[in-house]
Amino acid sequence: MQTSLTSSIPQQLYSPEQVAEFEAEAAARAGADLWQLMQRAGAAAFECLQQQIKMDTQIAVLCGPGNNGGDGYVVAQMAHSKGYPVRVFAFGEPKSPEGRRALQNWLEVGGDIEPLTDWPEQEPDYVVDALLGTGLNTDVRGDIRECIEALNDSALPVLAIDVPSGLHANTGVVMGVAVRARHTVTMIGVKRGLTTAMAADYIGQLWFADLDIQREFRLLTEPAAWWLQEAQLQHDLAPRKKVCQKGDFGHVLIIGGGAGMAGAARLAATAALRSGAGKVTVICEPSEVFLIGQQPELMVRGLLADAPEAEELVERASVIAIGPGLGRSHWGRQWWQRFCQRSLEKPTPAVIDADALNLLALQLRDGEDLPLSEGHVFTPHPGEAARLLQCQIADIEQNRWLASNTLQELLTGTVVLKGAGSLISTSAATAVCTNGTPAMAVAGMGDVLTGIIAGLLAQAPALGLNTEAATRAAVLVHALAAEFAANGNTRGMLASDVIAEISRFVNPKNN
């Protein structure tokens, strides 16, 4: 049976509700029905399983009462027909006609159904998770919760069908407890919850099977989001023409580097240069000029917001990045107020990060209108996002898609909600970047991202990119450079280590 199983994941992402709503119609348009889809789903999962096991591998298939469990019965039947030792442990009777048919087929080949609670006593070598699927919207409880906890404690290899049981297929949130799978085979449309929040700790290697209805499904509904992939950089960051000069690639102005925080501004500014900006100037507190100026390619001025020279510097900038090391002292607040006033009077493309976001959050909390023109790029981490939306960090992480889209509507620009599975939301669409490494959890990493975004925004006219496309490319470059710099390690990397690798990924045809 053709399963179309692949480890190459499409860029289109969907909500589980979209798949549930349109899978039957897509199947009908492709000349299939729901029973045939269940057979194809089981066959895809079994194909993946076969790649992981030997003939004497003891397989336990854990089945729930939904269609996910029906897929599990199909896997068990196929494994049995190929001579693998396989046993089925079930919780509840199948609810759908297709699930009942799959169960009956399993029984007809001599299969048995054992209580779910008995599976650990059989000491399997490999487990297939077909317990809950994509319809979960409440915390996992009772026997299934105990089963998942025991499964995780056992450290046995697990193949999850469609989504690891207990992981919310829309948000990537763990619903009390979730299966830690080694492989996940998702069907028809890639569920967007597999790409952000806690998903990376649970899905293992992701596989995709379109069940031969992908074309019909895509005609029925638009993607809920897009998955950023490295190949896109080949299109976005084409090599420069041979005849060019630094004025073609923009002038980035970094406003930051308050007392004791020169490093943040220097990281952002150096990252902008490494990204290809033609020129970079830093405005900082006068006390920090020497430290930032140790990077000889930077122009550095220690200025108060009302200094006569300040207007000329701001006027010359093609992109402004404000926030890295800005602080909330009198100096930082004055510069933020000046930036806001200029944004309304004479907008310049800008990246707003760190304490600039915190100062903005204070204004919004006090009931002020958004003091900025439209179209800027905002780069909050979950804590800054929570302050902007006047909620708790847990509220942000509970549904990162909703938080990112809400921020975009509030701020009327492009929002990068940083974290595991960073989200880039615009008025038109949301994209997710799953590249990166735990080694990025270190001070200064956000400043580097701000610099890369500013650097690519400065080059956007030469590249033929709009703000949204330049931002997506920057997030991807940042994550890929960090992966390369970490070299497989999960700790001990510095933000400055990433800067050294930026040029590798802003020149993708040479990579």
Side-chain angles (χ1 to χ4, degrees), residues 16 19-20 37-38 41-42 44-46 48-49 52 58-79 86-96 98-100 102-103 106 111-122 124-187 191 193-194 198-199 201-204 206-207 209:
V19 176
L37 285 192
M38 183 170 286
F46 179 61
C48 183
L49 179 65
Q52 320 307 325
Q58 300 287 328
I59 305 166
V61 182
L62 311 183
C63 293
N67 282 341
N68 195 246
D71 299 339
Y73 291 120
V74 174
V75 172
Q77 181 189 350
M78 290 186 166
V86 56
R87 301 172 75 165
V88 171
F89 303 86
F91 179 87
E93 295 284 333
K95 296 179 180 179
S96 70
E98 296 78 25
R100 290 192 291 270
L103 169 58
W106 165 245
D112 194 13
I113 304 297
E114 302 176 64
L116 181 65
T117 52
D118 288 354
W119 80 267
E121 301 171 11
Q122 311 309 317
D125 302 313
Y126 211 107
V127 176
V128 175
D129 165 29
L131 286 168
L132 295 175
T134 63
L136 181 68
N137 285 304
T138 60
D139 280 356
V140 181
R141 299 183 177 87
D143 287 346
I144 293 183
R145 182 184 183 104
E146 292 179 9
C147 171
I148 293 174
E149 290 173 339
L151 183 56
N152 289 342
D153 289 343
S154 75
L156 286 168
V158 179
L159 184 148
I161 298 179
D162 219 6
V163 61
S165 292
L167 187 73
H168 198 287
N170 194 37
T171 65
V173 169
V174 172
M175 306 300 285
V177 65
V179 169
R180 292 186 183 273
R182 187 167 295 181
H183 297 271
T184 298
V185 181
T186 197
M187 321 288 185
K191 317 312 180 286
L194 297 172
M198 299 300 295
D201 282 335
Y202 290 86
I203 64 173
L206 186 63
W207 301 76

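Quick note: numbers below take in every heavy atom, side chains included, and nothing from hydrogens, waters or symmetry partners.
- Counting heavy atoms from C-beta on, the side chains of D129 and I161 never come closer than 4.5 Å.
- For the atom pair CG (L132) and NE2 (H168), the distance works out to 12.0 Å, reported to the nearest 0.5 Å.
- Looking only at side-chain heavy atoms (C-beta outward), Y73 and C63 come within less than 4.5 Å of each other.
- Electrostatic pairing of R87 and D112 does not count as a salt bridge here, judged by no charged N lying under 4.0 Å from a carboxylate O.
- Using a 4.5 Å heavy-atom cutoff, the side chains of Y202 and L194 are not in contact.
- Put simply, the side chain of V88 does not reach to within 4.5 Å of the side chain of L103, judged on heavy atoms.
- A pairwise comparison of heavy atoms in A79 and F46 identifies CA-CE1, 3.5 Å as the closest pair.
- Looking at heavy atoms from C-beta onward, W207 lies out of side-chain contact with T186 at the 4.5 angstrom threshold.
- You'll find the side chain of L116 reaches within 4.5 Å of the side chain of L62, heavy atoms only.
- The nearest pair of heavy atoms linking G166 to A178 is C-CB, 3.6 Å.
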> Can you check side-chain contact (heavy atoms from CB on, under 4.5 Å) on R180 and N152, steps first, answer last?
Replying inline: CA-CA 6 Å; R180 292 186 183 273; N152 289 342; 3.7 Å; yes
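- The two residues G172 and L167 have their closest heavy-atom pair at O-CD1, 3.3 Å.
- Contact annotation: the side chain of T184 approaches that of P164 to within less than 4.5 Å [non-hydrogen atoms, C-beta and beyond].
- If you run side chain to side chain contact (heavy atoms under 4.5 Å, CB included) between C147 and each of L131, V179, T117, only L131 comes through.
- Inter-residue side-chain proximity for L156 and Y126 is flagged as unmet; no heavy-atom pair is nearer than 4.5 Å.
- Of the inter-residue distances, the one linking I148 atom CD1 with D153 atom CG reads 12.0 Å to the nearest 0.5 angstrom.
- Separating the CZ atom in R182 from the CD1 atom in I203 is a distance of 14.5 Å, to the nearest 0.5 Å.
- Summarising the geometry of G176 relative to D139, their closest heavy-atom pair is N-OD1, 3.6 Å, with the distance given to 0.1 Å.
- Shortest non-hydrogen contact noted between G70 and A102 is O-CB, 3.5 Å.
- Summarising the local packing, CD of Q52 is surrounded by more than 12 heavy atoms from other residues, nucleotides or ligands at distances under 6.0 Å.
- The CD atom of E98 lies 10.5 Å from the CG atom of D71; values are rounded to the nearest 0.5 Å.
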>> Between S165 and V140, does the side-chain contact (heavy atoms from CB on, under 4.5 Å) criterion hold? Intermediate values first, please.
In response: CA-CA 9 Å; S165 292; V140 181; over 6 Å; no
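- Atom CG of N68 sits about 8.0 Å away from atom CE of M187, to the nearest 0.5 Å.
- For the 3.5 Å distance criterion, the side chains of D162 and T134 fail to qualify, holding no donor opposite an acceptor.
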> Taking it one step at a time, do V127 and L159 satisfy side-chain contact (heavy atoms from CB on, under 4.5 Å)?
Replying inline: CA-CA 6 Å; V127 176; L159 184 148; over 6 Å; no
>> Show, in sequence, the C-alpha distance, side-chain angles and deciding distance for W119 and L151, and conclude whether the side-chain contact (heavy atoms from CB on, under 4.5 Å) test is met.
In response: CA-CA 9 Å; W119 80 267; L151 183 56; 3.7 Å; yes
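- Counting all heavy atoms, side chain and backbone alike, G99 lies closest to S96 at N-OG, 3.0 Å.
- In this structure, Q122 CD and I59 CD1 are separated by 14.5 Å, a value rounded to the nearest 0.5 Å.
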